[in-house]
Amino acid sequence: MTVAMQTNLHPAWLPADAFRAIGSRRTVISATTSDSPLIDTVYAEVRAACYRFGGTVTRSSVDDDTDLMLRLTSEPGGLGDEGYSVGRADGITTVTADGPAGLLYGLFHLVRLGGSAFTGDPVTDDRATRTHRPAVRRRMLNHWDNVDVNPLMGQIERGYAGGSIFWRAGALTDDLDRLRTYARLLAATGINAITVNNVNVGRTEARLLTDRLDDVATIAAIFRAYGIALHLSVSFASPMVLGGPPTADPLDESVRAWWAATTARVYDAVPDFGGYVVKADSEGQPGPFAYGRSHADGANMLADALAPYGGVVHWRAFVYNHRQDWRDRSTDRARAAYDHFAPLDGQFHDNAILQVKYGPMDFQAREPVSPVIGAMPATRLAVELQVTQEYTGHQLHVCYLGPLWSEVLGFRFDGDGDGPFTGDAGSTVAGIAEHGGSLVAVSNVGDDPFWCGHPLAQANLYAFGRLAWEPAADPVVLLDEWISLTFPADTVDDPALVRGVLHAMMDGSWRTYERYTAPLGVGFMVRPADHYGPSVDGYEYTQWGTYHFADRDGVGVDRTRAAGTGFAGQYPKPWADVYESIADCPDELLLFFHHVPYGHVLRSGSTVIQHIYDTHFAGADEAATMREHWQRLADAGLDPALYARVADRLDEQVRSAREWRDQINTYFFRKSGVPDAHGRRIH
Ligand code: GCV
């Protein structure tokens with residue numbers, strides 16, 4: 001195989017220069033298995049780097065000139081399928097792995113180390129051997145790409161980076177090189193699973209399972225070379241849509257037989273197929289409720305069809321009433337997933353993984369962690385994050401999400417401190433996903449030359465993969481890693497300036513975004529449908545269950561057990577009590593759990609109304625400061641197209657942040673009548 005490098009595409013975190021250290025040395029690949037596509041990939045990667053930078057690579061044995069040895073053990077040494085160790089002795093850096101995937105991940109580890117992979121202790125030049133294994137078994141990206149262009153949602157639902165890289169107006173892309181390049185980028189972050197079609201499965205998309213299997217096999221072959229298993233989003237109603245039995249009842253024998261036979265054909269075409277992802281009884285998608293069956297019945301039927309081949313079904317827990325009457329105060333969307341799924345704990349088969357969004361609502365910039373994640377100890381869980389910036393600025397705004405995800409992954413249900421994640425998994429969200437589950441995220445990639453629309457949004461994709469491998473990693477360190485790889489020191493005029501500016505812009509950008517948008521965890525003050533820009537009452541009288549209940553006296557949703565919807569009671573202690581109490585509830589979630597008067601004094605000492613004014617003024621100012629930071633890079637030797645793209649988007653971010661500031665502040669000033677303590681202009 002050859003290593004795909006397309007010249008018209010931004011190389012993201014794998015520019016040619018990232019391989020300089022490896023490519024200028026003498027490498028030996030020692031692997032007794034010669035028929036693994038992953039070993040071929042490792043070889044091709046090193047060979048391409050050597051071709052460019054003058055080194056050599058052989059598949060023979062170590063000699064006096066060897067700098068780097070990539071070694072597959074003949075007997076498993078406890079590293080697992082994907083683990084590897086890296087050490088250095090006698091002038092040779094050695095990566096050891098038990099399996100081909102481990103060797104590939106070890107190679108990308110060296111890429112991250114750069115030149116330092118070939119230095120050791122200043123005296124001995126040795127480096128102690130360190131072992132690396134992924135924390136989570138499946139590290140998956142979901143693409144919400146439609147095969148046909150959807151009249152409402154386009155080629156990609158919630159996509160902000162152009163068209164799909166997989167599909168173009170009903171057909172498989174003819175740009176397969178781009179898929180290779182993408183697979184390579186993902187493997188370098190540690191991703192090992194992918195879906196290529198939307199969880200809202202249309203008629204054309206349903207056919208990927210049957211008469212369009214060739215397309216699936218073509219994509220799977222490309223991703224296989226980088227250790228990434230292909231999964232498909234499937235419709236629960238597939239039998240009915242695809243010419244099978246006239247029902248989708250999961251307990252009907254003809255339906256079960258249809259799924260078994262269909263799945264067998266999928267594995268004939270793609271022997272290492274990963275499995276199915278299902279959105280059922282959710283936002284209009286079909287599901288088991290139509291037959292009076294439970295979601296465990298539905299998931300288990302598919303799990304049984306996949307089990308003979310080692311496949312898994314990711315069954316989504318995003319089930320709620322999307323036709324709610326806003327007058328009905330007894331229904332709380334936040335409660336829905338727990339109410340539906342917690343009673344089913346223990347009923348899911350071993351290869352059925354319940355995929356739960358990180359928050360109880362829908363990927364808001366601030367939500368509490370979903371209580372479902374802590375309530376199902378006898379179920380394998382996948383935690384779903386969103387890299388695509390549906391509610392965080394559509395990849396027009398700089399919003400580095402690593403710190404948000406890190407907080408989520410480190411949240412401890414046993415409440416032993418909720419500070420930064422230290423790596424002691426215990427009952428953390430990450431720890432729960434580690435028990436045979438998955439970390440999943442919705443991708444932000446499209447056919448844009450910068451992959452993500454906003455070049456800096458690449459950092460989110462990178463950070464997701466890296467956090468899925470190592471949830472305890474510091475997101476700012478990961479950002480630094482991304483900066484080093486994406487803007488190699490040799491390719492920019494002033495690397496320290498570039499690094500400093502990017503950190504200044506990005507480290508705190510999620511909190512900046514939070515400041516100028518919906519306050520104190522209340523969420524959903526976005527424009528309905530497209531979810532961009534402010535519309536404070538846009539969702540207030542709709543069917544979607546996303547309300548803030550602002551009136552002249554106060555704002556927020558009472559989700560207490562004592563007087564509200566009872567959602568706070570879905571958490572174990574101490575969180576049930578912390579969230580129940582107005583005094584103890586963390587400020588950033590106050591309006592998610594409580595309806596309070598504008599004069600309520602926060603833990604920070606500020607009143608709610610003054611906090612709203614202060615954070616919105618500050619957030620919009622911070623967006624303007626980001627733009628000033630970027631302007632410092634005008635002559636830093638960056639790719640001019642990249643510089644211009646970011647500059648344009650920062651203009652929009654500054655405009656939009658002001659719009660948010662003014663609409664939110666004006667709305668609450670008009671509702672409350674309380675003036676800003678600092679006399680700033682509110683319209
Ligand atoms: C794929 C939100 C989005 C939908 C998305 C849904 C989901 O509601 O707005 O576009 O549908 O989440 O996660 O299934």
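In each ligand, atom 1 is the first atom listed, and ligand 1 is the first ligand listed. Fair warning: this is a prediction, and the values are worked out from it, not measured in the lab. Values below: every heavy atom of this structure, side chains too, minus hydrogens, waters and symmetry copies.
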Open item on the list: How long is the straight-line distance from OG1 of Thr546 back to CG of Asp362, given to the nearest 0.5 Å?
Closed with: 9.5 Å
Open item on the list: Using the ring centroid of each side chain, check whether Trp575 and Phe411 are separated by less than 6.0 Å.
Closed with: yes
- [ ] Measure from the ring center of Tyr320 to the ring center of Phe318 and say whether it is less than 6.0 Å.
- [x] yes
Open item on the list: Below 30° counts as parallel, above 60° as perpendicular, anything between as tilted: where do the rings of His394 and Tyr532 land?
Closed with: tilted
Open item on the list: What protein heavy atom lies closest to atom 6 (C) of ligand 1? Include the residue and the distance to one decimal.
Closed with: Glu283 OE1, 3.3 Å
Task: Atoms of ligand 1, numbered as shown, that sit under 4.0 Å from any heavy atom of His531 - done: 9 (O)
Task: Lys/Arg-Asp/Glu bridge criterion (N-O < 4.0 Å) met for Asp447, Arg168 - done: yes
Task: Distance from atom 10 (O) of ligand 1 to nearest protein heavy atom, with residue and atom - done: Glu157 OE2, 2.5 Å
Task: Distance from atom 12 (O) of ligand 1 to nearest protein heavy atom, with residue and atom - done: Lys357 NZ, 3.0 Å
- [ ] Name the closest protein heavy atom to atom 1 (C) of ligand 1, giving the residue it belongs to and the distance to 0.1 Å.
- [x] Asn200 ND2, 3.3 Å
Open item on the list: Side chain, backbone, both or neither: which applies to Phe363 and ligand 1 if a contact is any heavy-atom pair less than 4.0 Å apart?
Closed with: neither
Open item on the list: Tell me the protein heavy atom at minimum distance from atom 14 (O) of ligand 1, and give that distance in Å.
Closed with: Lys279 NZ, 2.6 Å
Open item on the list: Quick check on the 6.0 Å ring-centre criterion: do Tyr513 and His397 meet it?
Closed with: yes
Task: Numbering as shown, the atoms of ligand 1 that approach Phe318 to under 4.0 Å (heavy-atom distance) - done: 6 (C), 7 (C), 8 (O), 12 (O), 13 (O), 14 (O)
Open item on the list: Counting non-hydrogen protein atoms only, what is the nearest one to atom 2 (C) of ligand 1? Give residue, atom name and distance.
Closed with: Asp362 OD2, 2.9 Å
Task: Met140 CE to Ile191 CD1 distance, which is reported to the nearest 0.5 Å - done: 10.0 Å
- [ ] Taking only heavy atoms of Asn198 into account, list the atoms of ligand 1 that are under 4.0 Å away from them.
- [x] 1 (C)
Open item on the list: Using heavy atoms and a 4.0 Å limit, tell me yes or no: is Glu390 in contact with ligand 1?
Closed with: yes
Task: Contact check: Arg316 vs ligand 1, nitrogen or oxygen atoms, below 3.5 angstrom - done: yes
Open item on the list: Taking Arg511 first and then Glu407, would you say they form a salt bridge - that is, a charged N and a carboxylate O separated by under 4.0 Å?
Closed with: yes
